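Below is one structure, written out as structure tokens, with a few remarks after it.
None of these values were measured; they are calculated from a predicted model. Values below: every heavy atom of this structure, side chains too, minus hydrogens, waters and symmetry copies.
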Amino acid sequence: MATLFQRTALAAVFALLAVNTTTSQAQAPASPPDPAATSVEAMGWMKGFPPPPDRLITFDDPAGGVFPRTRWSFSHVRETVPTANVWRGSGAPSPLPAAPRSDLEAVAFKPLGSEETVSFGQMIPRTYTDGILVLHRGRVVYEKYFGALTPERPHIAMSVTKSFVGTLAAILADEGRLDPSAPVTRYLPELKDTAYGDATVRQVMDMTIGVHYSENYADPKAEIWDYARAGGMLAQGPNYAGPKSFYEFLATLKKEGAHDAAFAYKTVNAEVLAWILRRASGQSLADLLSEKIWRRIGAEQDAYFMVDRIGTESGGGGLNTVLRDLARFGETMRNGGRAPNGQQAIPKAVVDDIARGADPARFAKAGYALLPGWSYRNMWWVTHNPHGAYMARGIHGQSIYVDPKAEMVIVRYAAHPVAASAGNDPLTLPAFQAVAEALMRPRGPGWVSPVPGRSPAARP
């Protein structure tokens, strides 16, 4: 069965996969496409009844997975591929009170590696943002949507999905239902002859697995394409004789190098962890997420996962949520696992372990030039900066940024034409830090705008 992303060009076919390449593997183009000219409104995607043929984005059209069509398709995944629902529960949504800040768009910063001064408001269109929300002390101080995304519409979370999977694993470990020190084969004996045959669950959770697997977009022989064909994200063809599901593909992976020697970001580790979770819990990934997180944080909308041909959820990058529920999850993490509705939704010990991070020396070996001093723990990216900030990150600009010291959470969905984080990090990382610092400053009668030359902003 064909999908929206079938036969797409190499750089775009994995628009819905959870891949974060290093900055050395992919650089932002010197002249990026104009954000305004490539917006959904300007291009007229899917407008009219029916839309004109050249404005259609359909199930069987490979162009649907290529920028700028992704500015529509990232917010309409359920209309194009099979999915599994994540129930929000029957309770009332947890509150997100509003306290808008009129001054945040003027907050200024310098992009990484640049002497240019950019404002938070300028960063938003320049990084092809679909939606962005800032929470400060549990209140919504900034929230805007663009293009195809609206407050009630889910958006693909990409690799942010991994952080949910890692959190679920840590929750099951806290409950005594999963042993991180145990060999992977205790839960998945099917993988005894693979790269995971002598690995531990903890090594999978922190992505320190030595596995022969490449996510190099430029190499048509990279294992990422085999993964895609197995999951039905690329056409298998009439003579295809390879794996036909995520499970079958994982069983083909061979060891390369030593486990626990270095951090190595590879989506297959998240898929293995998702499989372990299904075994340890006896539940589907969608049902487990609903029970352990989604219902507890007071989500206002159901979420959903992309699934393969046998209904297996993509634990590496297939989750779709509304932006406000992503914010609820981030706020829950910021508050030590306590959700906005007051419920202790996630054990505090789980959150504390994530926030502490892992070994920056192992992380440094992965070569992330823009992330010096960071680490990776339970599938979260930990900055180790003075604010103790940590992130969930996904290709094309998806993020949850938790800053405990500033009492701030920023969540963002986007459709950047560059998949790798190199397209976003130079602008988004310093922007998030600048907003955090602005929110920490007192706003008394003498407060002035942080941008030189601007007049004092009115207090909301």
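Contact check for V118 versus F109: side-chain heavy atoms found under the 4.5 Å cut-off. In this structure the side chain of V211 never reaches within 4.5 angstrom of the side chain of K254, judged on heavy atoms. Y128 has its side chain within reach of P33: a pair of non-hydrogen atoms, C-beta onward, lies under 4.5 Å apart. Side-chain contact between T83 and N85: absent, with no pair of heavy atoms (C-beta onward) separated by less than 4.5 Å. A heavy-atom distance below 4.5 Å is not found between the side chains of E313 and L289. Side-chain contact between S421 and L370 is absent, with no heavy atoms from C-beta onward closer than 4.5 Å. Side-chain contact check for V435 versus M123: every heavy-atom pair is 4.5 Å or farther apart. The side-chain heavy atoms of S375 and H384, taken from C-beta on, include a pair separated by under 4.5 Å.
The side-chain hydrogen bond (donor to acceptor under 3.5 Å, both in side chains) test with Y413 is passed by exactly one of D130, T321, N320: T321. Each of W381, Y265, W374 was compared with Y368 under the ring-ring contact (aromatic ring centres under 6.0 Å, His included) criterion, and only W381 meets it.
Ring centers of Y376 and F363: at least 6.0 Å apart, outside the cut-off.
Sorted by first and then second residue, the salt bridge (charged side-chain N to carboxylate O under 4.0 Å, His left out) pairs involving residues 285-297 (not counting sequence neighbours) are E175-K292.
Between T332 and A345, the shortest heavy-atom contact is CG2-CB, 4.1 Å. For the residue pair L112 and D425, the shortest heavy atom distance occurs at CD1-O, 3.8 Å. For the residue pair V141 and L104, the shortest heavy atom distance occurs at CG2-CD1, 3.7 Å.
With hydrogens and angles disregarded, a donor-acceptor distance shorter than 3.5 Å links the side chain of R88 to the backbone of A299. With hydrogens and angles ignored, the 3.5 Å screen pairs a side-chain donor or acceptor of T194 with a backbone N or O of Y196. Formation of a donor-acceptor pair under 3.5 Å by the N378 side chain with backbone atoms of G166 is not found in this model. Looking at T161, its side chain does come within 3.5 Å of a backbone N or O of L319 through a donor-acceptor pair. Judged purely by atom type and a 3.5 angstrom limit, W87 has no side-chain atom pairing as donor or acceptor with the backbone of A286.
The pair E331-R328 does not meet the salt-bridge criterion, since no charged nitrogen lies less than 4.0 angstrom from a carboxylate oxygen. Ion pairing of R202 with D260 is absent here, as no side-chain N (NZ or NE/NH1/NH2) approaches a carboxylate O to less than 4.0 Å.
Under the ring pair (Phe, Tyr, Trp, His ring centres under 6.0 Å) criterion, W380 pairs with F329, Y390, sequence neighbours left out. Scored by the salt bridge (Lys or Arg N to Asp or Glu O under 4.0 Å) test, K255 finds D198 as partners (sequence neighbours excluded). Taking Y142 as the reference, F120 meet the ring pair (Phe, Tyr, Trp, His ring centres under 6.0 Å) condition, with sequence neighbours excluded. Residues that satisfy the side-chain hydrogen bond (donor to acceptor under 3.5 Å, both in side chains) test with K348, not counting sequence neighbours, are D352. Scored by the salt bridge (Lys or Arg N to Asp or Glu O under 4.0 Å) test, R356 finds D353 as partners (sequence neighbours excluded).
Between R412 and N424, the side chains place a donor N or O and an acceptor N or O closer than 3.5 Å (distance only, hydrogens not considered).
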Q) Between I209 and V272, does a side-chain contact (heavy atoms from CB on, under 4.5 Å) hold up when you go through it step by step? A) CA-CA 11 Å; I209 295 291; V272 168; over 6 Å; no
Q. Can you list the steps and then say if E190 with R279 is a salt bridge (Lys or Arg N to Asp or Glu O under 4.0 Å)?
A. CA-CA 12 Å; E190 297 94 331; R279 282 283 170 83; 2.4 Å; yes
Q: Report the C-alpha separation of T267 and Y227 in whole Å, then their side-chain angles, then the decisive distance to 0.1 Å, and conclude whether the side-chain contact (heavy atoms from CB on, under 4.5 Å) test is met.
A: CA-CA 10 Å; T267 293; Y227 169 77; 3.7 Å; yes
Q. Passes side-chain contact (heavy atoms from CB on, under 4.5 Å), V201 versus D179? Steps please.
A. CA-CA 7 Å; V201 175; D179 182 1; over 6 Å; no
**Q.** Audit row: Y213, D226, side-chain contact (heavy atoms from CB on, under 4.5 Å) steps and yes/no
**A.** CA-CA 10 Å; Y213 175 86; D226 300 325; over 6 Å; no
